[in-house]
Amino acid sequence: KVGTAPIRMAELVGALEAGDGFAAERDSCILNLEAAAEQVRRWRARGLKIGFTNGCFDILHAGHVSYLGETRRHCDRLIVGLNNDSSVKILKGPGRPVHDEASRAVVLAALSAVDMVILFGAEKAGQDNTASGLIRALQPDVYFKGGDYRPDDIPEAPLVRAGGGEVLVMGHVEGQSTTKSQARIAGV
C-alpha cells in the first residue's frame, strides 16, 4: 500500500495464504460496491484518473484483451463492471453465460490492464440492467465502451457526463465476438 493506509483483515489473511502476495492482490481487486467506493476514494486522493467499462466478458477473446488494454492507456486505474449471471441471461439468452460470474471475474482480474472488477446487473427481466448504479456510486472520470456502440446509444452516457465524466468509444477488433467463438466451438 502507498502512504499511510489501514490493512484490512481480509488483505492480511489473503497475503499470508498466497505466499508471494500476487494471488491475494489479484483476488483483492474483485470487490463489492462498498469496498469499490472506498478504493476509488483512495485512488482519487492520490490524484489518479479513474476509468470504467462494463460488459459480460463471457468467453474472453483477443478483442476483449485489446479493448481493455486500449482503455487502460486512457486512465490511471481501470474498473470493469461485470454483468452477473442473471444479467447475462437476460441480455444474451438462456444458453449464456458460458462461464459463471466468479470464473469470469477471476479471469478479468488476472489481466494487467484491469485494476478492479465489480459485479452488477438485474436479477429479473424488467429491472435496470445497466451499469448506472455503479456509475452513480463510483463517478468515473472516463467511461469506455467498445467500437460497436455510438455515444448516443449508450444508456449510461448522460449520467457519466452529468457527473463531469467523459465518454469514449474505443476501437473494435473485427471478427472477434463471444457469439462467433461459440459458433466455432459448435462447428457451425
Side-chain angles (χ1 to χ4, degrees), residues 26-37 39-40 51-72 78-111 113-140 142-160 165 167-188:
R26 289 286 92 196
D27 290 346
S28 70
C29 77
I30 303 169
L31 302 177
N32 64 31
L33 186 57
E34 182 181 339
Q39 181 61 59
V40 168
F52 180 88
T53 191
N54 60 281
C56 300
F57 299 97
D58 195 3
I59 299 176
L60 203 63
H61 53 70
H64 289 132
V65 174
S66 175
Y67 166 74
L68 292 169
E70 185 181 359
T71 61
R72 184 58 159 77
L78 179 61
I79 301 167
V80 177
L82 181 63
N83 291 77
N84 63 30
D85 289 346
S86 56
S87 173
V88 175
K89 277 189 193 342
I90 293 165
L91 292 169
K92 305 291 185 177
R96 300 274 297 274
V98 174
H99 299 290
D100 66 37
E101 61 195 41
S103 298
R104 292 181 288 123
V106 167
V107 170
L108 281 170
L111 298 177
V114 176
D115 296 291
M116 180 191 300
V117 178
I118 182 169
L119 291 166
F120 78 97
E123 295 300 322
K124 296 186 281 190
Q127 294 177 334
D128 179 19
N129 207 14
T130 69
S132 296
L134 291 180
I135 290 168
R136 267 188 221 90
L138 304 177
Q139 294 289 301
V142 188
Y143 179 60
F144 303 101
K145 284 307 272 186
D148 48 347
Y149 287 88
R150 292 179 348 163
D152 294 340
D153 297 333
I154 301 170
E156 297 91 346
L159 181 61
V160 172
V167 177
L168 291 180
V169 175
M170 308 310 285
H172 179 72
V173 178
E174 288 299 320
Q176 295 290 320
S177 79
T178 299
T179 303
K180 287 181 181 178
S181 295
Q182 281 187 289
R184 281 193 296 273
I185 291 167
V188 177

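Positions are given from 1 along the sequence.
- When all heavy atoms of Ala109 and Val117 are compared, the pair lying nearest together is N-CG2, 3.9 Å.
- In this structure, Arg96 pairs ionically with Asp58, as a charged nitrogen and a carboxylate oxygen lie closer than 4.0 Å.
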Could you check Val40 against Met116 for side-chain contact (heavy atoms from CB on, under 4.5 Å), going step by step and ending with a plain yes or no? CA-CA 10 Å; Val40 168; Met116 180 191 300; 4.2 Å; yes

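- In this structure, CG in Leu119 is found 10.5 Å from CG in Leu31, a value given to the nearest 0.5 Å.
- With rounding to the nearest 0.5 Å, the separation of CZ in Phe120 from CG in Asn83 is 3.5 Å.
- Legend: residues meeting side chain to side chain donor-acceptor pair (under 3.5 Å) with Asn84, ordered by chain and number and at least two apart, are Ser86, Glu123.
- Between the CZ atom in Arg104 and the CG atom in Asp85 there is a gap of 5.0 Å [rounded to 0.5 Å].
- A donor-acceptor contact shorter than 3.5 Å is absent between the side chain of Gln39 and the backbone of Ala36.
- Tyr143 and Phe52 have parallel rings, their planes meeting at less than 30° on a 0 to 90° scale where 60° marks the start of perpendicular.
- At a threshold of 4.5 Å between non-hydrogen side-chain atoms, the residues Leu82 and Asn54 do not count as touching.
- Leu111 has its side chain within reach of Leu60: a pair of non-hydrogen atoms, C-beta onward, lies under 4.5 Å apart.
- Closest approach of Cys56 to Val88, counting heavy atoms only: SG-CG2, 3.8 Å.
- Residue Asp128 holds its CG atom at 9.5 Å from OG of Ser87, rounded to the nearest 0.5 Å.
- Counting heavy atoms from C-beta outward, Pro97 and Lys92 have side chains that stay 4.5 Å or more apart.
- Asp115 contributes no side-chain N or O that, together with a main-chain N or O of Ile79, makes up a donor-acceptor pair within less than 3.5 Å.
- Taking Asp153 as the reference, Arg150 meet the salt bridge (Lys or Arg N to Asp or Glu O under 4.0 Å) condition, with sequence neighbours excluded.
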Test log, rule side-chain contact (heavy atoms from CB on, under 4.5 Å), inputs Val167 and Ile154: CA-CA 9 Å; Val167 177; Ile154 301 170; 4.1 Å; yes

Derivation of the side-chain contact (heavy atoms from CB on, under 4.5 Å) call for Ile118 and Leu33: CA-CA 7 Å; Ile118 182 169; Leu33 186 57; 3.9 Å; yes

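- Atom CD of Glu156 sits about 9.5 Å away from atom OG1 of Thr53, to the nearest 0.5 Å.
- A donor-acceptor pair under 3.5 Å is formed between the side chain of Tyr67 and the backbone N or O of Phe144.
- Summarising the geometry of Gly146 relative to Val169, their closest heavy-atom pair is O-CG1, 3.4 Å, with the distance given to 0.1 Å.
- In plain terms, the two heavy atoms of Pro140 and Gly51 that are nearest each other are CB-C, 4.5 Å.
- Interatomic distance, OG1 of Thr71 versus NZ of Lys145, reported as 11.5 Å (0.5 Å rounding).
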